Amino acid sequence: FYFYSAPPSFKEEMLRGKRVIVTGASSGIGEQMAYHLARMETHLLLTARTEAKLQKVVEQCLELGAASARYISGSMEDPSFPEVVVREAENTWGGLDMLILNHIGHSTFNYFDGNVGHIRKLLETNFLSYVAMTTSALPMLKESEGSIVVVSSLAGKVGSPFAASYSATKFALDGFFSSLRHEFIMDKVNVSITLCILGYINTESAVRAISHVIRDKPAPKEECALEIVKAGFLRQRELHYPPWVVGTAVLLRDIAPEFLDSSIRSSYRVENLKRT
Ligand SMILES: NC(=O)C1=CN([C@@H]2O[C@H](COP(=O)(O)OP(=O)(O)OC[C@H]3O[C@@H](n4cnc5c(N)ncnc54)[C@H](OP(=O)(O)O)[C@@H]3O)[C@@H](O)[C@H]2O)C=CC1
Ligand SMILES: C[C@H](CCC(=O)O)[C@H]1CC[C@H]2[C@@H]3C(=O)C[C@@H]4C[C@H](O)CC[C@]4(C)[C@H]3CC[C@]12C
């Protein structure tokens with residue numbers, strides 16, 4: 001708990017004037033992070049596919065006090081788009097302090113149906129685009145001694161049923177970014193990497209996908225978003241949110257894996273899943 005929760009020393013004014021990219025900012029946790037960052041008077045570049053939603057989020061950010069806010073729309077399924085977003089930040093600000101990687105492509109919550117093509121696409125959106133954005137942004141982040149925030153999931157630490165493709169992309173993030181963190185430290189690159197391990201959060205898409213199968217009450221997206229921003233700014237190695245649920249699962253994974261697996265399986269209302 002000591003290592004993974006943000007210490008109370010965080011002050012909102014610490015982020016004033018910082019230049020931040022938030023991906024997947026048109027809804028859910030990304031949208032809420034944009035609002036927190038706007039209140040903290042940062043410069044924001046938001047991205048997602050849906051222009052109409054981004055426009056509204058940008059307007060709201062300006063009302064909340066963002067130093068500046070703009071958006072660029074496009075799909076992270078397109079391998080050229082990650083670099084386009086980073087160039088936009090470079091052309092607008094000439095630098096970057098924080099890169100928040102949060103978007104995900106659509107996946108269904110169900111038995112794996114053998115669709116390998118879907119996993120390929122999802123790896124492009126959920127994993128390779130994170131790597132590509134990091135690669136393009138790194139010169140600016142080295143210059144500012146900035147931060148990379150990677151939004152992952154409990155499904156990227158612990159295997160669970162009905163999310164095989166999604167889970168694969170999240171485990172890949174842990175492998176890549178944990179390796180990169182070592183290299184940064186060994187090479188004296190002062191860019192922090194914060195991996196955010198989230199449990200069930202009450203965003204519209206998550207509730208729509210699983211509320212008929214999982215009984216647990218989801219945690220609030222507003223608080224989750226604030227914890228992510230704080231952890232990134234404080235250069236924490238990992239964030240576990242909600243701390244108790246995620247912390248317990250990660251601990252049990254190492255000391256009692258069979259017990260954890262069987263309690264995961266028994267927490268699902270499998271009878272409510274319609275096989276596709
Ligand atoms: N909610 C939860 O329970 C949990 C969420 N997480 C993680 O939190 C993060 C945010 O999740 P959440 O807020 O629930 O998700 P949402 O579905 O609310 O938001 C996803 C965002 O990604 C964008 N997006 C979708 N497809 C693409 C694409 N092809 N290219 C670019 N952007 C795209 C969406 O906008 P648009 O459609 O306009 O492109 C939207 O802005 C994810 O990384 C997720 O894995 C982790 C654990 C639990
Ligand atoms: C299937 C959802 C995506 C829906 C969409 O694409 O529109 C998933 C998005 C977030 C997932 C949850 C998550 O990451 C936290 C938990 C991890 C556990 O290992 C499995 C249950 C989760 C609640 C998981 C369920 C699928 C998502 C909602």
Side-chain angles (χ1 to χ4, degrees), residues 21-34 46-57 71-82 84-85 100-110 118 121-130 132-133 149-174 195-225 227-228 239-242 245-246 249-250 253 260-261 263-265 267-268 273:
I21 295 179
V22 184
T23 72
S26 65
S27 64
I29 299 165
E31 177 184 1
Q32 297 305 318
M33 286 194 275
L46 310 180
T47 183
R49 291 170 307 175
T50 319
E51 192 165 358
K53 286 193 198 168
L54 285 170
Q55 241 161 22
K56 285 191 183 152
V57 178
Y71 69 83
I72 177 163
S73 58
S75 175
M76 292 290 177
E77 215 178 287
D78 169 0
S80 64
F81 188 59
V84 172
V85 177
I100 304 186
L101 300 165
N102 163 76
H103 62 277
I104 42 166
H106 180 65
S107 41
T108 48
F109 188 72
N110 215 318
H118 173 68
K121 270 193 188 168
L122 209 60
L123 277 167
E124 189 70 53
T125 309
N126 292 10
F127 172 61
L128 291 173
S129 68
Y130 282 44
M133 284 196 76
V149 176
V150 178
V151 180
S152 187
S153 159
L154 194 47
K157 284 281 185 194
V158 171
S160 50
F162 314 126
S165 315
Y166 170 79
S167 180
T169 67
K170 294 299 193 185
F171 267 84
L173 289 173
D174 196 346
L195 187 67
C196 304
I197 310 300
L198 310 182
Y200 181 22
I201 312 298
N202 68 357
T203 62
E204 256 181 64
S205 59
V207 171
R208 199 185 318 120
I210 64 164
S211 57
H212 56 300
V213 192
I214 290 180
R215 294 183 197 89
D216 306 349
K217 192 170 174 270
K221 61 186 176 192
E222 296 80 2
E223 184 182 71
C224 173
E227 290 303 310
I228 295 174
L239 168 74
H240 288 179
Y241 181 89
V245 176
V246 175
V250 171
R253 178 198 65 174
L260 176 65
D261 282 0
S263 36
I264 288 174
R265 285 192 295 273
S267 67
Y268 289 90
L273 264 189

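Sequence positions, counted from 1, serve as the residue numbers for this chain. Note that the coordinates shown come from a computational prediction; the quantities given were computed from them, not determined experimentally. One-based numbering, in listed order, for ligands and for the atoms of each.
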Under 3.5 Å, side chain of [X] to main-chain N/O of [Y], donor-acceptor pair present?
X	Y	result
N202	P220	no
T108	N110	no
T169	L123	no

So which bit of [X] gets within less than 4.0 Å of ligand 1, heavy atoms only: side chain, backbone, both or neither?
X	value
L198	both
S75	both
A155	neither

Measure across [X] and [Y] and return the closest heavy-atom pair with its distance rounded to 0.1 Å.
X	Y	value
G28	T203	CA-CG2, 3.7 Å
P161	I264	CD-CG2, 3.8 Å
V57	A34	CG1-CB, 4.2 Å
L122	H106	CD1-O, 3.7 Å
K217	Y200	C-CD2, 4.5 Å
A48	G24	CB-CA, 4.4 Å

So for [X], does at least one of its heavy atoms come nearer than 4.0 angstrom to any atom of ligand 1?
X	answer
K170	yes
F81	no
G199	yes
S152	yes

Taking only distance into account, with no hydrogens and no angle test, what donor-acceptor pairs under 3.5 Å do side-chain atoms of residues 207-216 form with protein atoms, sequence neighbours excluded?
{"residue": "S211", "atom": "OG", "partner": "V207", "partner atom": "O", "Å": "2.8"}

Contacting atoms of ligand 1, where contact means under 4.0 angstrom from a heavy atom of [X]:
X	answer
Y200	3 (O)
A25	41 (O)
S153	46 (C), 47 (C)
M76	28 (C), 29 (N), 30 (N), 31 (C)
Y166	6 (N), 44 (C), 45 (O), 46 (C), 47 (C)
H103	22 (O), 32 (N)
A206	1 (N), 2 (C), 3 (O)
G28	13 (O), 18 (O)

Tell me: protein heavy atom nearest [atom], and distance?
atom	result
atom 1 (N) of ligand 1	T203 OG1, 3.1 Å
atom 38 (O) of ligand 1	T50 OG1, 2.4 Å
atom 34 (C) of ligand 1	S26 OG, 3.8 Å
atom 19 (O) of ligand 1	S27 OG, 3.3 Å
atom 43 (O) of ligand 1	N102 O, 2.8 Å
atom 8 (O) of ligand 1	V151 CG1, 3.3 Å
atom 3 (O) of ligand 1	I201 N, 2.8 Å
atom 37 (O) of ligand 1	R49 NH2, 2.9 Å

Give yes if a backbone or side-chain nitrogen or oxygen of [X] is under 3.5 Å from a nitrogen or oxygen of ligand 1, and no if not.
X	answer
I29	yes
T125	no
S205	yes
H106	no

Would you say the side chains of D78 and S80 form a donor-acceptor pair under 3.5 Å?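 There is such a pair (donor and acceptor under 3.5 Å, judged by atom type) between the side chains of D78 and S80.
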
Result of checking V22, V84, V85 against T47 for side chain to side chain contact (heavy atoms under 4.5 Å, CB included):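 Among V22, V84, V85, the one that satisfies the side chain to side chain contact (heavy atoms under 4.5 Å, CB included) with T47 is V85.
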
Using the side-chain contact (heavy atoms from CB on, under 4.5 Å) rule, take M76 and R49 through it: C-alpha gap first, then chi angles, then the decisive distance, then the call. CA-CA 8 Å; M76 292 290 177; R49 291 170 307 175; over 6 Å; no

Spacing of [X] atom [atom1] and [Y] atom [atom2] [to the nearest 0.5 Å]:
X	Y	atom1	atom2	result
I29	C224	CD1	SG	4.0 Å
E31	L54	CD	CG	9.5 Å
N126	S167	CG	OG	11.0 Å

Name all pairs fulfilling the salt bridge (Lys or Arg N to Asp or Glu O under 4.0 Å) condition that reach into residues 154-166, sequence neighbours left out, sorted by first residue then second.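 The answer is K157-D174, K157-E238.
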
Please report, to 0.1 Å, the donor-acceptor pairs under 3.5 Å made by any side chain of residues 149-156, with sequence neighbours excluded.
{"residue": "S153", "atom": "OG", "partner": "A155", "partner atom": "N", "Å": "2.7"}

Nearest neighbour of atom 23 (C) of ligand 1 from the list S129, G74, P82, G24, on a heavy-atom basis: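 Answer by nearest heavy atom: G24.
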
Check against side-chain contact (heavy atoms from CB on, under 4.5 Å), F171 and Y166: CA-CA 9 Å; F171 267 84; Y166 170 79; over 6 Å; no

Note down each nitrogen or oxygen pair, ligand 2 side and protein side, whose separation is under 3.5 Å; give only atom names and the distance to 0.1 Å.
{"residue": "ligand 2", "atom": "6 (O)", "partner": "H106", "partner atom": "ND1", "Å": "3.2"}
{"residue": "ligand 2", "atom": "6 (O)", "partner": "S107", "partner atom": "N", "Å": "2.9"}
{"residue": "ligand 2", "atom": "6 (O)", "partner": "S107", "partner atom": "O", "Å": "3.4"}
{"residue": "ligand 2", "atom": "7 (O)", "partner": "H106", "partner atom": "ND1", "Å": "3.0"}
{"residue": "ligand 2", "atom": "14 (O)", "partner": "S153", "partner atom": "OG", "Å": "2.6"}
{"residue": "ligand 2", "atom": "14 (O)", "partner": "Y166", "partner atom": "OH", "Å": "2.8"}
{"residue": "ligand 2", "atom": "19 (O)", "partner": "S160", "partner atom": "OG", "Å": "2.6"}

Which class fits the ring pair H103 and Y130: parallel under 30°, tilted 30 to 60°, perpendicular over 60°?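 It falls in the tilted class, 30° to 60°.
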
